[in-house]
Amino acid sequence: MSTLLWIALPLLFIVGLFVSALKDTKRVERSVKRNRDKMQLKDWDQEERKNKEREDNWGVPPAPRGSYHPDKESDKESKDK
């Protein structure tokens, strides 16, 4: 009898979680269908373009090619000492 309780009660709990999750998703779907006209839906292609522009614009102009050479600068410092 006790082994049945150890097996059945957790299974009932898990099944209850799944059933409540299904009920919640159906409730959310109904509310979305009802309030769709009030929502401000975004065009995701435009959002991605805006985000890409923000990522590319760091606010600092890029250095010209070949202008930064960390090895040469460290050699100058070591020769000066």
Side-chain angles (χ1 to χ4, degrees):
M1 178 69 181
S2 70
T3 56
L4 180 65
L5 289 176
W6 280 103
I7 295 170
L9 288 178
L11 285 176
L12 284 173
F13 178 73
I14 291 172
V15 168
L17 285 177
F18 280 115
V19 169
S20 66
L22 286 173
K23 286 182 180 179
D24 286 342
T25 55
K26 293 206 183 256
R27 183 182 50 83
V28 168
E29 287 174 357
R30 272 189 259 124
S31 68
V32 165
K33 286 178 185 176
R34 231 181 298 133
N35 300 322
R36 192 169 188 85
D37 57 337
K38 297 176 187 173
M39 294 181 190
Q40 296 175 353
L41 301 176
K42 295 181 180 181
D43 183 15
W44 290 107
D45 292 332
Q46 285 182 344
E47 288 294 318
E48 286 180 11
R49 279 188 228 117
K50 285 181 186 177
N51 289 337
K52 194 173 253 188
E53 289 173 2
R54 283 188 207 133
E55 289 173 2
D56 293 342
N57 183 10
W58 288 55
V60 178
R65 281 191 181 248
S67 65
Y68 178 68
H69 300 286
D71 296 331
K72 291 182 180 179
E73 289 178 11
S74 63
D75 290 340
K76 288 179 187 176
E77 290 175 4
S78 62
K79 289 178 183 177
D80 291 339
K81 291 183 180 180

* Asked: With ILVMFWY side chains joined below 4.5 Å, transitively, what does V15's cluster contain besides itself?
  ->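 V15 shares its hydrophobic cluster with V19.
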
* Quick one: name the residues clustered hydrophobically with L4, using the 4.5 Å side-chain heavy-atom rule over I, L, V, M, F, W, Y, and just say none if it's on its own. =>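 Traced through the cluster, L4 reaches no other member.
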
* Asked: Is the closest side-chain heavy-atom distance between F18 and L22 below 4.5 Å?
  ->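 The answer is no; the side chains never approach within 4.5 Å.
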
* Identify, with sequence neighbours excluded, every residue that meets side chain to side chain contact (heavy atoms under 4.5 Å, CB included) alongside V28. =>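 In terms of side chain to side chain contact (heavy atoms under 4.5 Å, CB included), with neighbours along the sequence ignored, V28 is linked to V32.
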
* Mind checking what makes side chain to side chain contact (heavy atoms under 4.5 Å, CB included) contact with Q46, not counting sequence neighbours? -> D43, R49

